[in-house]
Amino acid sequence: MVNSNKHDSLPVPGPAALAHSQTLEALIAAAIVAGDGWLPFDRYMELALYAPGLGYYSGGSTKFGWRADDGSDFITAPELSPLFAQTLGQAVAQALQASGTRAVMEFGAGTGKLAAGILATLDALGVQCERYTIVELSGELRERQQATLAAACADNPGRLAKVDWLDTLPDHFDGVMLGNEVLDAMPVKLYQRRAGVWHERGVTLAGLDAGPGAAGVDLERNLAPPDPALSSQPRLGWADRVIAAPAPALAELLAEIEGDHDYLTETCDAAAAFTGTVLQLLGRGVLLLIDYGFPRHEYLHPQRSGGTLMCHYRHRAHDDPFLYPGLQDITAHVDFTAIAQAGLDAGADLLGYTSQARFLINSGITDLLGQLDPRDTQRFLPAANAVQKLLAESEMGELFKVIGFSRGVDGRLASFERGDRSHAL
Ligand SMILES: C[S@@+](CC[C@H](N)C(=O)[O-])C[C@H]1O[C@@H](n2cnc3c(N)ncnc32)[C@H](O)[C@@H]1O
């Protein structure tokens, strides 16, 4: 079905951004042709987000910010308020002390604000951190992080000297590892049950045969581009392939979904593999991962029949991953049961699993807010508003979760002491 009005309310990018998107779309089109007319969705998402120099995270999009008119698409917790980094800094301090380690590693560090806040908090608490390593896939984000940290450490060059950057994982690490909203940015596979038959959703081009087993190709779903400059572009669309013989793990997972109604869901092998890999290289220490998602039984709830894939463009959420490839974020919620299983399979201990609200309260966010003077309205009001957003059930407090793993650490962390929901995984 064609719905040419669907994107009318979204802002149209300028000519340079459209040209950038066209170049990426041509690269994706070539990958589809090379794949006999069909690309699994996880490969599409990987190219759309991470194709060197062109993908959303590897190109020059603004990404993080407050408003569409600053060119940004979404806001994350470290951008909302310095209290998030300060609170996380307190949790990291506990974890460094509990593990007897002196190094921090952050994955996918965004603008660098979280790193700057954690380092300042550790210094203020007198907790030793000899090295803060950022693992960053994007050269452009690395430059932004360097600028943020240089500005934040202008009066403390010693603090800045502790920070280094890697673009691949090291072989071994002792210390505290953390990632905020990293798992949700990893490529997912899409599975669709239609008329009781499971298909893998992939991507094809108008006019191409999507290969053997293709069914229900719905090329019209990719809409007329809002800018005539794009009319010569290859047109991306969905193509679903019947899964003839699902691997046992996939068959087991799909069998968990009750009913026989039409249903769309995702799996993220990349997020589970990432968790397993980083925990295997952790000799002694803690891993904290913060993201939006649910345990498996909620993730695969019969009523969640549309899946969780979501796109963000100029602070509007929508469900079309083919709009402006390279200019918009594509994301899916995290299956925390899969993440917990990956950690246990890697031989780590599960420290805890709780809501972001509970984790931040346990780690002292309300005490930090209480230290601000309410009469200083310029500082207090934005901080109180941000804390409300971070903690409220209807905002980020409940949808976002924190999962923690450890290796070689005795005892628990206060950050998971109250409200632990590990039993729900
Ligand atoms: C939604 S952004 C979050 C950025 C930042 N942590 C924040 O909260 O503002 C997702 C980040 O995860 C990074 N990322 C994705 N896969 C990664 C991986 N395997 N290793 C490290 N970073 C990764 C992306 O490059 C991107 O910078």
Side-chain angles (χ1 to χ4, degrees), residues 42 45-66 72-85 87-89 92 104-118 132-146 148-149 165-170 173 177-188 268-281 287-293 309-313 315 317 326 328-334 339 342 356 360 386 389-390 396 399-402:
D42 55 338
M45 186 166 163
E46 189 182 348
L47 289 171
L49 297 184
Y50 302 109
L54 291 171
Y56 181 70
Y57 283 109
S58 38
S61 299
T62 304
K63 300 178 261 288
F64 320 97
W66 283 87
S72 67
D73 303 304
F74 57 86
I75 188 157
T76 56
E79 305 296 314
L80 266 180
S81 164
L83 282 179
F84 181 78
T87 310
L88 222 59
V92 168
V104 178
M105 180 176 288
E106 184 183 346
F107 306 112
T111 62
K113 280 192 185 156
L114 182 58
I118 289 176
Y132 194 108
T133 301
I134 293 177
V135 179
E136 182 55 68
L137 305 177
S138 153
E140 185 265 326
L141 282 178
R142 178 195 288 224
E143 279 176 25
R144 251 199 264 182
Q145 291 154 14
Q146 282 165 340
T148 302
L149 282 151
W165 278 264
L166 294 177
D167 52 16
T168 53
L169 293 171
F173 179 75
M177 305 195 286
L178 71 141
N180 185 62
E181 288 205 44
V182 171
L183 300 178
D184 72 70
M186 296 194 181
V188 294
C268 191
D269 293 346
F274 173 82
T275 306
T277 303
V278 299
L279 284 168
Q280 268 156 7
L281 67 85
L287 168 66
L288 298 173
L289 295 169
I290 305 161
D291 228 308
Y292 36 88
L309 193 78
M310 226 178 1
C311 306
H312 295 276
Y313 181 67
H315 295 265
Q328 65 163 354
D329 192 23
I330 307 175
T331 168
H333 288 39
V334 174
I339 300 304
Q356 172 172 290
L360 293 177
K389 215 174 168 56
L390 292 167
M396 298 171 78
L399 179 61
F400 281 70
K401 312 290 191 315
V402 187

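Both counts, for ligands and for their atoms, begin at 1 and track the order of listing. Both backbone and side-chain heavy atoms feed into the values below; hydrogens, waters and symmetry mates do not. In this chain, numbering begins with 1 at the start of the sequence shown.
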Legend entry - N/O donor-acceptor pair under 3.5 Å between D291 side chain and L183 backbone: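 Side chain of D291 to backbone of L183: a pair is present.
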
Legend entry - Test item: K389 side-chain N/O and A77 main-chain N/O as donor-acceptor pair under 3.5 Å: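 Absent.
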
Legend entry - Qualifying residue for side chain to side chain donor-acceptor pair (under 3.5 Å) with Q145, from K113, E106, E136: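 That would be E136.
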
Legend entry - Closest non-hydrogen atom pair between Y132 and I118, with its separation: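 Taking every non-hydrogen atom into account, OH-CD1, 3.7 Å.
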
Legend entry - Check against side chain to side chain contact (heavy atoms under 4.5 Å, CB included), V135 and W165: CA-CA 6 Å; V135 179; W165 278 264; over 6 Å; no

Ligand 1: protein N/O within less than 3.5 Å of ligand N/O:
residue  : atom   : partner : partner atom : Å
ligand 1 : 6 (N)  : G108    : O            : 2.6
ligand 1 : 6 (N)  : N180    : O            : 2.7
ligand 1 : 8 (O)  : N180    : O            : 3.4
ligand 1 : 8 (O)  : N180    : ND2          : 2.8
ligand 1 : 9 (O)  : T76     : OG1          : 2.7
ligand 1 : 22 (N) : G108    : N            : 3.4

Inset, instruction - Step by step, work out the side chain to side chain contact (heavy atoms under 4.5 Å, CB included) result for R142 and D167. - result: CA-CA 9 Å; R142 178 195 288 224; D167 52 16; 3.9 Å; yes

